[in-house]
Amino acid sequence: NAGVTQTPKFQVLKTGQSMTLQCAQDMNHEYMSWYRQDPGMGLRLIHYSVGAGITDQGEVPNGYNVSRSTTEDFPLRLLSAAPSQTSVYFCASSWTGGDGYTFGSGTRLTVV
Amino acid sequence: GNSVTQMEGPVTLSEEAFLTINCTYTATGYPSLFWYVQYPGEGLQLLLKATKADDKGSNKGFEATYRKETTSFHLEKGSVQVSDSAVYFCALKWGSQGNLIFGKGTKLSVKP
């Protein structure tokens, strides 16, 4: 049972480049979310999904895009990377609204 | 809106000392409350949770009680160990989407 798997673990991008952060879970969870973690800011919600084909924006969605074509996968796309997107990104999944989330190990992204 | 406020760190304790990390929340209705722990270089792990008033969550010697009258969910441990050194996040979940709202985190360092 792998849980939540994020790839890559580390990435360096140049300003203006695009890329996709991958997230996959094997627990058949309905809920999936993307957070970014910045020093002194805690974790902030970027986008989330309550099931395949359903996504919505969180607190800081600008510059990011998501889709949910399957229950297992929830990729996060950076459309045109900016230095302000330098952060650690976490994907998380959960069964229902009342349960705690399972987090991936994170992707550390640096935009230069 | 909904929010979580937790005590700022860092907190430095000697081994076997008593730990309290304060957490208060603002929310409409009755959210679920969580404590997550993040060890260096890792993702977040659910430490404990409480889903209704007066519930006590506990795990690995840590405890927290859901206090509706004071809107608080303070984390306590009677005797900390060096291995408890980590960042601790208080979080709430409210609404049908079940998204987590995090505090900014408290870094705990335990010295031998």
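Letters A, B, ... mirror the listed sequences (proteins, then strands); counts begin at 1.
- We find the CG-CZ distance between B:Leu100 and A:Phe103 to be 5.5 Å, quoted to the nearest 0.5 Å.
- Aromatic ring centres of A:Tyr35 and B:Phe102 lie closer together than 6.0 Å.
- For A:Gln37, the part lying near chain B is the side chain, with the backbone staying farther off; criterion is any non-hydrogen pair under 4.5 Å.
- B:Phe34 and A:Tyr101 have their aromatic ring centers separated by at least 6.0 angstrom.
- In terms of modelled atom types and a separation under 3.5 Å, the side chain of A:Tyr31 and the main chain of B:Asn99 share no donor-acceptor contact.
- For B:Tyr30, the OH atom counts as loosely surrounded, since its 6.0 Å shell holds 12 or fewer non-hydrogen atoms of other residues, nucleotides or ligands.
- More than 12 heavy atoms of other residues, nucleotides or ligands sit less than 6.0 Å from atom NZ of B:Lys77.
- Residue contact with chain B, scored on non-hydrogen atoms closer than 4.5 Å, involves the side chain of A:Leu45 exclusively.
- A:Phe90 and A:Tyr48 fall within a single hydrophobic cluster, where Ile, Leu, Val, Met, Phe, Trp and Tyr side chains are chained together by heavy-atom contacts under 4.5 Å.
- For a residue to count as touching a neighbouring chain, one of its non-hydrogen atoms must lie under 4.5 Å from one of that chain's; by this rule B:Gln38 touches chain A with the side chain only.
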Verdict with reasoning, A:Thr102 to B:Leu46, per side-chain contact (heavy atoms from CB on, under 4.5 Å) = CA-CA 7 Å; A:Thr102 300; B:Leu46 178 63; over 6 Å; no

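- Heavy-atom minimum distance, A:Ser94 versus B:Lys93: OG-NZ, 4.0 Å.
- Enclosure of atom CD in B:Glu69 by more than 12 non-hydrogen atoms of other residues, nucleotides or ligands within 6.0 angstrom is indicated.
- The environment of A:Arg44 atom CZ is dense: over 12 non-hydrogen atoms of other residues, nucleotides or ligands sit within 6.0 angstrom.
- No more than 12 heavy atoms of other residues, nucleotides or ligands sit less than 6.0 Å from atom CD of B:Glu8.
- Hydrophobic clustering (ILVMFWY, side-chain heavy atoms < 4.5 Å, transitive): A:Phe74 and A:Leu21 are in one cluster.
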